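Beneath this line is the structure, given in C-alpha cells, with notes to follow.
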Amino acid sequence: MVNRRIAEILKTGQPEESLVVQGWVRTKRELKGFAFLEVNDGSSLGNLQIVINQDLPDYEGILKKINTGASVEITGVLVASQGKGQRIELKADSVKVYGDADPDTYPLQKKRHSFEFLRTIAHLRSRTNSFGAVFRVRNACSAAIHQFFQEKGFLWVHTPIITASDCEGAGELFSVTNFNLKNVPRSENQEIDYSQDFFSKPAYLTVSGQLEAEIMAMAFTNVYTFGPTFRAENSNTSRHLAEFWMVEPEMAFCDLEGDMDLAEEFLKYIFKYVLETCPEDMEFFNERIDKTVLETANNIINNQFERLTYTEAVKLLEKADVKFDYPVSWGADLQSEHERYLAEQLFKKPVIVTDYPAKIKAFYMRLSDDEKTVRAMDILAPKIGEIIGGSQREERLDVLEKRVLAQGMNPEDLWWYLDLRRYGTVPHAGFGLGFERLVQFMTGMGNIRDVIPFPRTPQSAEF
Ligand code: 4AD
Ligand code: MG
C-alpha cells in the first residue's frame, strides 16, 4: 500500500487510488451513519477529508478515541468528493489511532487562538494553520537562499558559534563557560559559580560570522554563512530576538556597488521562489494576516530598490511633515521610525541607505576619502525597518589599525584579521540578512517571535 503525504494527494490524487495517510486530526464531524475527519500532516495548508462509515468494525469505539489533536493512520480509497470545498476525499477501510488527545485538556480547539496565547504553547502551535504556513514558508526561504548562492558558485562555510571576538563591537555578548554540572553536588541551597571562563579564556556566542567569512572569502572568493547568531540586547520589540539566524555572503574583489546589486538580486530571488513554491500559504497570509502581502512581494520582484546616501536620507527626514519621537541630525543613527518612514511612506519600497557616519558604524567598514563616512549600506524594508546590514570592508592595513584603536579595541586580539590585510589583501564586501526579519517581511507576521519555532527573548527560553 502506498503511503503518501497530504499535499501530494490534494494536488494529484485520483479516484480509486488506494493509499495510507498519517497525520493529526484537526476536526471531527459526526453525522447519521458516518463521520468526517479533517486530517493534516504538515505538508500543506489544506486538510484531507476522511469519511468513516459506520460499517467499520468498532465504529463507535474508534470515534470516541478520535478528537482534535489525535494522531491517526488511515488506509482507504480516494473518491471524488460530493461536498463543497474539496475535490477528493478518502473513504476509510481501516483507522488506527496512535495517540488520542483529551478534548478537556488539549489546548488547541477549533477556534481562533491569539498569537499571544499560542506563544505560551510553542510545543503545539505548529499544528495550527498560521504556524504551519509560517514554518513552510520559512523552509522555502532557506531553500531559496541555498539555491541562489549555490547557483552562483558561492561556498557555504560554517563559522563558529563560540568565539572570542565581538564582530559588531557593540558589547552585546552572551558569555560561554565550561561549567560542568556533573561535577557539582546539587544540594538545594547550593550557590553555583557561573563565572568560570571557557577553558580559562573569555569566550562568547557569536554575534555574526562575518570576520570568519572574510577569512574564507580570502581563499574561495565568494562564500556565505547561514546559521544562528546571538545578541544580548535587552530589546523587547517585535523585531529583536536574542537568538536569530543570519545569512552572510562575503565577496572578494567586490565593492559596495557590487554588494548592493547582489543584495537586491538576492531578495528578489527569494520572493519569487516563495511565491512559486508556496502559493497557497502566501494566499493565506494575504487573506488572514496582512492584505498587502502579495502586493508587497510583487512590488519587490518588479521594482528597483531606491538607493540614497545617509546624508540625503537625513535631509529628507528633516523635511518630513511627521513628528518623530527621536530627533534627526547628521551623525545620529537612524531609528526604526525613521527607517520605516523612508521605506513605508516616502518611497513605498525597499530603500538602500549608504555612506553612514564612521562614528556610528563598526570598525571593519571601509573609510571613504572624506574620512567622515564609511562604505556601509543598510536595506530598509516597509513595515520592518532594517532587514540587511552590510558594507565594503577596510582592506588597507594602516587604516584598519587606526580604526581598531579608535574604537577602543585591541589590535592584538585581531592579529589574524589584520593578517588578511598583510597577505594578499583585496577589496571585498558583504552583508548580513536577518533571516527572521525576512520571514516577517514575506508573511506579514507582526511579531518576530511568531516566525521562529522557539523564540529566545529576555522573557522566554523555555525549551
Ligand atoms: O546590521 P548587523 O548588526 O550586521 C552584522 O552583523 C554584519 N556583521 C553583517 C555583515 O556585514 N556580514 O546585523 C545584520 C542583520 C540586521 O540587518 C537585522 O536584519 C538582523 O541582522 N538583526 C537581528 N534580527 C533579529 N534580532 C536581532 N536582535 C537582530 N540584530 C540584527
Ligand atoms: Mg545593522
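Both backbone and side-chain heavy atoms feed into the values below; hydrogens, waters and symmetry mates do not. Every value quoted in this text rests on a predicted model; they were computed, and no experiment measured them. Order of listing sets the numbers, starting from 1, for every ligand and every atom in it. Starting from 1, each residue takes its place in the sequence as its number.
- Panel note: side chain E264, backbone F305; a donor-acceptor pair is recorded below 3.5 Å.
- In this structure, the ring of Y364 has its center no less than 6.0 angstrom from the ring center of Y417.
- Residue-environment remark: OH (Y326) stays at or below the threshold of 12 foreign heavy atoms within 6.0 Å.
- Other residues, nucleotides and ligands contribute at most 12 non-hydrogen atoms within 6.0 Å of the NZ atom of K272.
- Here the straight-line distance linking atom CZ of R4 with atom OG of S43 works out to 11.0 Å at 0.5 Å rounding.
- Under the ring pair (Phe, Tyr, Trp, His ring centres under 6.0 Å) criterion, Y310 pairs with W330, Y356, not counting sequence neighbours.
- Residues passing the salt bridge (charged side-chain N to carboxylate O under 4.0 Å, His left out) test with R366 are E395, sequence neighbours excluded.
- If you look at ligand 1, the protein residues with a non-hydrogen atom under 4.0 Å away are C167, E168, S208, Q210, R231, E233, R239, H240, L241, F244, M246, E248, Y364, E386, I387, I388, G389, G390, R393, G430, F431, G432, G434, R437, I448.
- For the Mg ion (ligand 2), protein N/O/S neighbours under 2.8 Å (waters excluded) are E386 OE2.
- Between W156 and H158, the two ring planes are perpendicular [angle over 60°; tilted spans 30° to 60°].
- Taking the six-membered ring where tryptophan is involved, the planes of F431 and F266 are tilted, since the angle between them lies from 30° to 60°.
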